[in-house]
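What follows is one structure encoded as structure tokens, with my remarks underneath.
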Amino acid sequence: MAQRYNFRETELKWQSVWDDDGTFTAEADPAKPKYYVLEMFPYPSGRIHMGHLRCYTLGDVVARYKRSQGFNVMHPMGWDAFGLPAENAAMEKNVHPAEWTYQNIATMRDQLRAMGLSIDWSRELATCDPDYYRHEQAIFIDFLEKDLVYRQDGWVNWDPVDHTVLANEQVIDGKGWRSGAPIERRRLAQWFCRITAYSDELLEALGELDRWPQKVRAMQENWIGRSEGAYINFAFTGSRPDSLRVYTTRPDTIFGASFCAIAADHPLAEEIATGNDAAADFIEECRQLGTSEEAIQTADKRGFDTGLRVKHPFIAGRELPVYIANFVLMGYGTGAIFGCPAHDQRDLDFARAYDLPVLPVVVPQDADPASFEVGAEAFTGDGALANSEFLDGLDVEAAKREIISRLEDMDQGEGALNYRLRDWLVSRQRYWGCPIPVIHCETCGAVPVRKDDLPVVLPDDIDFESPGSPLDRHPTWKHVPCPSCGADATRDTDTFDTFMDSSWYFARFCSPDAEVPVARKDVDYWLPVDQYIGGIEHAILHLLYSRFFMRAMRDTGHLDLAEPFAGLFTQGMVNHATYRDEGGEWLEPQSVMQDENGAVVRIDNKAPVTVGRIEKMSKSKKNTIDPTDVIRDYGADTARWFILSDSPPDRDMEWTDSGVQGAFRFLNRVARLVTKNLDGLVPAGHEGFEDDTASSDLRRDVHKAIADVTADLERFQYNRAVARLYEMTNAVATALKSDACGPASRREALETLVRLLSPMMPHLAEEMWQSLGHTSHLCDVSWPVADQALLVDESVTYAIQVNGKLRGTVDLPAGTGKDETEAAARQVPNVADSIGDQEIRKVIVVPDKLVNFVV
RNA sequence: GCGGGCGUGGUGAAAUUGGUAAACACAAGGGACUUAAAAUCCCUCGGCUUCGGCCUUGCCGGUUCAAGUCCGGCCGCCCGCACCA
């Protein structure tokens, strides 16, 4: 009996062949078209998980497929190696962060190698390597000189659990993105990247990223949050010489203004609070108010009358009260607004609470201006201006233009674009990150480290015993002379946000050994990344920062590129059912089984188990499967095949043991199919085919499969490609069972099957290719091309409809004429019955498709 | 509230973008081989049916010879953002 396919031996064999031959080592070659495939590099947390397996399998299919199409493919791998978990491990297990990190990298590299990925390992990098981060420090210094980074004292987001500040993007629902702890506000001097310098460019360019998911583009658009409006300066009454500057998107409603309001953090509010306990109490109250969604939605609109009054810019003698209000945010616009209750819901709620006037100044098209009133809901639609002197009768857009032009003439304001996007805070009070290459001197201020003195290396002897920043506590490291004046000075003891590390690693991959951050000729050849693959969770953070970084690197002369990722694919999550015992404790999938009645029970004591929701694999719910176990038990090809097979790659998928076994069965079936049919083939390399009916039919099936699978791979529809290959395998197996097909057509069928499978199950494909008598390696063989002549069928099945409903089918030779087709359709028995004695009013004939009788 | 997406068998899904709905797989059931099991192979598998067929893509309506697909209105679910002035 035929031996079972030995996946263990075979997979190891081909992995070392590829390795020894340097098969996947890429070299820049301007004569060849390049293709840069990249998956988001992993954080070395300890072991690879199913999300990695899915992501890297998807990327490897792209890489192998493009390679077989003649592209010069670069497919590198590296490690996003700085970050807090290494420090936590240091505290919990008393191991140095570097040691912990490099051990994890070693483990995970082996795990990835076992997947049989077509990776160019010669380009491997780790962001915690001084040879990597010295270049990041150099880039930062260049940014500093171009004013693309700056240091500023201000309110920042403080994570009290991770003991560090966070960027706005890292605060989710008012909580730290890693720790989940409620964020506190602190005043600190910190480094910022001037991402807002590119607000408009980052927004505009989204329109050209046509190979990005619509969803990600929409999310970035919202995040950048462009709005058009105006600044208006309201002069104070009395002797105060300055004015209150507000931002509004509805300057047209100025005649309906009944108050102004400022944020609790507004400088004016702080000024008032000194010497005014009631104001100070109110401000404190606003700060205490939770930032959670629920707190915001249920919070009443509340204000504190400062006693200050401002003058209405267009109505002589009209004065507006100035409140400190809990619904005004310091972080948007100027932190101050004018309130027009009739046309803004928040302003209306506030006006009702404090008994302020509600005067409609825009009336809907079909309403009577004399009687139109606003009740519980503000009117925010378009309409005609009213009660607004010179604006009366204009529509909203025209009124905006008019009022802005008047404000500008009076020098009391101007039209403006405003963005929600804030500058990116990159300082972190942590040890395991890239040191910020700046020295603080009492006389010279913040001075960049001289480039010759780079890298600023992290000290190894570090203590994690007490809280706070380990670098700041280090006895000697921070004490250095000022590079400018030579006096005693101190290093910046903060490190970079790790998103800095990942904002340019894809560029470093192009020239991993260069003495400069990026070698121009290499990035010019390889960038942009043609296909980038990763999780949707980076839709804003990593992807937005990287887009900023390329522009900033462009403007500091490192490269000439704006968009780093021409194509982006966001893969779905890997889910698994969850299990709980009678006590409600989570159980691992390995510890449950089905008993003889089909009920799910514990393996050890047969106690009943509750099967819960199918959820994202997570340690806390214990519903994880270790990819390495699957590879050990079934092989990498099986794991790859299964993860591609069931669900579209961008959708969530469910990992099931039965699905894996199904994939395993298929693999063995392919191996059996090839091995059993080796006898009686023409030799490898034979040209020409038999033209008998059976052989031609087989060849037609084979070439249709080539066309379909190729189209599916092009469009990232790997689940369809898998289904099509199942179908092809069934067809080939059936055809080869009889002796009717000729030896050349049989060889073509088997070889084509193996070639089409190769991007997804590369080891088995190589092995079968060798069994078929080839000395070349399949990964060097070009992708099959479908013979167009074989894609056309000799006969087609027509659908015959009556009034659009299917009533029968008929087989006719391809290209049959309309009249002949209609005549044949009338003969179909059920069709004649359906028509009965009704009059046929119309006949639609779609060539080679269908006939529709309309009665 | 704003933005994006989805809704098809027991399950994951497919439908060449308006042209035979449910391909392919998983699960389930039946059978063959075997002393037995594993492996393998074959058959059935949306609903109803008088076995001729008829009906079926969240709900209602529309366009069309023809709608899972396009348009309008509901209902439900998922994701992102949000007192953003």
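Throughout, a chain's letter reflects where its sequence line sits, starting with A, and its residues are numbered from 1.
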Of B:G3, B:A13, B:U40, the nucleotide closest to the side chain of A:Asn719 is B:A13
For A:Arg841, answer base if it contacts any base atom (sugar-phosphate contacts may also be present), sugar-phosphate if it contacts only those atoms, and nothing otherwise; contact means non-hydrogen atoms under 4.0 Å.
nothing
Could you check whether A:Ser645 gets within reach of a base, just the sugar-phosphate, or nothing at all, counting any heavy atom under 4.0 Å?
nothing
Does the pair A:Lys704/A:Asp793 count as a salt bridge with the N-to-O cut at 4.0 Å?
yes
Mind checking if A:Pro213 touches a base, just sugar-phosphate, or nothing, with heavy atoms under 4.0 Å?
nothing
Checking base pairs now: Watson-Crick or wobble, both atom distances under 3.5 Å. What partners B:G7?
B:C75
Contact under 4.0 Å: A:Lys737 side-chain N or O vs B:C42 OP1/OP2
yes
Under 4.0 Å, heavy atoms only, any strand: does A:Arg217 hit a base, just the sugar-phosphate, or nothing?
nothing
Describe the nucleic acid contact of A:Val328 in one word from base, sugar-phosphate, nothing, applying a heavy-atom distance below 4.0 Å.
base
Is A:Gly333 touching bases, backbone alone, or none of the nucleic acid, heavy atoms closer than 4.0 Å?
nothing
With a 4.0 Å cutoff (strictly under), does any side-chain N or O of A:Arg807 reach OP1 or OP2 of B:U20?
no
Regarding A:Asn730, tell me which of base, sugar-phosphate or nothing describes its non-hydrogen contacts under 4.0 Å with the strands shown.
sugar-phosphate
Base paired to B:G1 (Watson-Crick or G-U; both N/O distances under 3.5 angstrom)
B:C81
Heavy atoms only, 4.0 Å cut-off, all strands: where does A:Arg226 land among base, sugar-phosphate and nothing?
nothing
